[in-house]
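Naming: A, B, ... by sequence-line order, numbering from 1 per chain.
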Amino acid sequence: MTDKILTHIQFSNINKYYTKKHLGIFTDRKNSKAILDSAEIELKGGECVLLTGQNGSGKSTLLRILAGMLKPDSATVTTGFESLSWRKANKLIRRQIMYLYQEPYMFDGSVTRNLKYALNDKQLGSKSNDQISQALKWANLEHRAETSAKCLSGGERQRVALAQAWLKQPSILLLDEPTANMDEESRRSTEELLRRFKDSGTALLIASHDVNHFSQTMDKRLLLDKGKICEMTNQVTSAHDNVSLFPSTSNKLKA
Amino acid sequence: MESLTTTILEALTLLFSGDTELWTIIGISFRISTTAIIIAMIPAVFIGFVLAYADFPGRRLLISISNTLLAVPAVVVGLTLYIVLSRQGPLGEWKLLFSQTAMVIGQVALSFPILVAMSHSAFQSVEIRAWDTARTLGRNPLSAFFIIMKEVRFGLLGALFAGYGRIIAEVGASMMLGGNILNSTRNIPTAIAMETSKGEFAQGIALGIILVSMAFILTMSLQYMQGKGSIRT
Ligand SMILES: Nc1ncnc2c1ncn2[C@@H]1O[C@H](COP(=O)(O)OP(=O)(O)O)[C@@H](O)[C@H]1O
Ligand SMILES: [Mg+2]
């Protein structure tokens, strides 16, 4: 029995402080910094959302909270009609969400071995070799099947991670700066693979400090600034300008 | 004292003629230490893992405590357990003192801090990203744990060997808890200490050869395995 497929999910009232701790025990609330302040985000199957924001604005933090890797100070998750706490939602939907690091971690062993880790117990049966060779082909990695994954280039690692996502088929795919340090060609091939995810109905959320990336693929562009998320209009093209273009979202905080 | 050459020849004769007393001592040593390391290993590796990856209050304090325990001398561990296990001690009723069980307990206590500290640093050598990646790929926590163990297998093996090295050659606790009883609790280090104090060197040298060969074999096999597991394109 597969999980019910998520086609629509909303995260609201996301708050996150990075607290300072003394001796690793006592939290120091006074010196804590709000990274996310009642942020809100909505993801839909087949929609590609681009999350921009300056370095250090909290994009990775947000993505990792959505992925269930990092505990927020509060967050509400709404799927369909039910509203859940982050912890509860984490148990139910974690398997349908996948997070890709900017520099994906490769385990010891071949690319094939790394892809195997993405198969669930049911897939691990007799057809697993078939699935893996299809994934290799999909990501154009056939010539790398037996290469030690730790020796791959950044672009190839990204493709291995995407092939893992292809095997796992998550409803929501979160990507952290997937093309940050890539040359033009790797960027194009990554974007092409992402478009295929989108066409197959996956909800995509891509964090990028460069607003000009993924302009062909994205449906919606969001800006994370001072802990809040707002939608950007199309005429805005430079990340530097728009920080001041949205005073309405930031003045609450600085009042 | 006889000439060194004669003593060494005598030691080799003891070893290769299959001297019963000698090989009984060797057998006892390895049986006790192997039992101890197996008992200590499972919880210690798990604690090392938790200290490396889990975030809970008091974590750093626990790390400091585990590192402090590393520095506690074996005789102190022996003394503490001696008091606990002796007739008037809290566990005196179990009548464990001067038995192999007491020695196993002592060696578990001795190897535990090393195993915790070294597996902690082994796990730390792999970033938390590895754990998060395994989880986001859909592995359950147990399966992710085994994947990470595989990532750090050499570090963990190194921890096991270091722990084993400490307990198999350790005199103080073995002497106090075991009592150096022939055919029961006399192991390699206590035999060496006793024979040497009697001025008999042949058996001591034979046992020393065993310890050194063991250390050599363990180190070589770790190196060999690491070589095989190294990254190749
Ligand atoms: N584990 C952490 N502990 C404390 N502060 C952190 C931690 N991780 C990130 N931060 C801080 O939170 C802010 C947001 O970081 P991040 O989410 O990585 O931003 P982005 O991905 O947008 O560059 C930064 O100021 C960073 O220094
Ligand atoms: Mg980031």
Side-chain angles (χ1 to χ4, degrees), chain A residues 3 19 21-27 63-64 66-71 90 94-110 113-124 144 146-153 157 160-161 163-165 167-170 172-174 176, chain B residues 47 49-68 120 122-158 222 224-233:
Chain A
D3 300 282
T19 46
K21 281 185 185 170
H22 296 302
L23 293 172
I25 302 173
F26 312 104
T27 52
L63 260 58
R64 293 179 56 235
L66 303 188
M69 290 174 177
L70 185 68
K71 196 174 171 296
N90 199 10
R94 184 165 191 164
R95 267 181 293 165
Q96 295 194 54
I97 302 185
M98 193 168 162
Y99 172 82
L100 263 62
Y101 281 96
Q102 174 173 355
E103 286 162 25
Y105 184 87
M106 296 286 118
F107 294 101
D108 245 2
S110 64
R113 165 103 248 143
N114 273 269
L115 293 182
K116 249 187 201 141
Y117 288 143
L119 295 173
N120 62 35
D121 296 335
K122 213 173 62 190
Q123 292 170 308
L124 270 173
R144 288 300 200 189
E146 292 314 314
T147 307
S148 165
K150 288 207 196 274
C151 298
L152 297 179
S153 73
R157 284 171 184 231
V160 172
Q164 288 172 325
L167 287 167
K168 196 193 162 187
Q169 295 287 342
I172 299 169
L173 190 53
L174 310 169
D176 203 343
Chain B
I47 291 174
F49 171 79
V50 170
L51 289 180
Y53 290 139
D55 187 17
F56 56 91
R59 174 174 152 265
R60 276 198 268 166
L61 188 70
L62 272 181
I63 294 174
S64 307
I65 291 176
S66 115
N67 289 334
T68 310
H120 170 230
F123 282 119
Q124 265 197 324
S125 70
V126 169
E127 312 145 72
I128 186 79
R129 261 182 339 132
W131 169 262
D132 283 338
T133 300
R135 293 286 285 132
T136 202
L137 285 175
R139 312 317 314 173
N140 62 39
L142 190 68
S143 155
F145 174 65
F146 283 115
I147 291 175
I148 304 295
M149 283 219 343
K150 220 183 131 209
E151 291 288 290
V152 299
R153 60 194 178 280
F154 299 120
L156 293 180
L157 266 179
L222 187 61
Y224 172 75
M225 284 184 280
Q226 260 168 336
K228 266 185 94 169
S230 73
I231 293 166
R232 288 203 192 111
T233 5

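Residues B/E151 and A/Y105 bring a donor and an acceptor atom of their side chains to less than 3.5 Å of each other.
Contacts between A/P170 and chain B at a heavy-atom distance below 4.5 Å are absent for every atom of the residue. The contact between A/Y117 and chain B is made by backbone and side chain atoms together, counting heavy-atom distances below 4.5 Å. For chain B, no part of A/L167 is nearby; none of its heavy atoms comes within less than 4.5 Å. When heavy atoms are compared at a cutoff of 4.5 Å, A/I97 approaches chain B solely by way of its backbone atoms N, CA, C and O. B/R129 touches chain A through backbone and side chain together, each having a heavy atom under 4.5 Å away.
No salt bridge links B/D55 with A/K71; every basic N to acidic carboxylate O contact stays at or beyond 4.0 Å.
If you look at B/F49 and B/W131, their ring centroids are closer than 6.0 Å.
Not one N or O on the side chain of B/S143 forms a donor-acceptor pair closer than 3.5 Å with the backbone of B/R139.
Taking B/D132 as the reference, A/R64 meet the salt bridge (Lys or Arg N to Asp or Glu O under 4.0 Å) condition, with sequence neighbours excluded.
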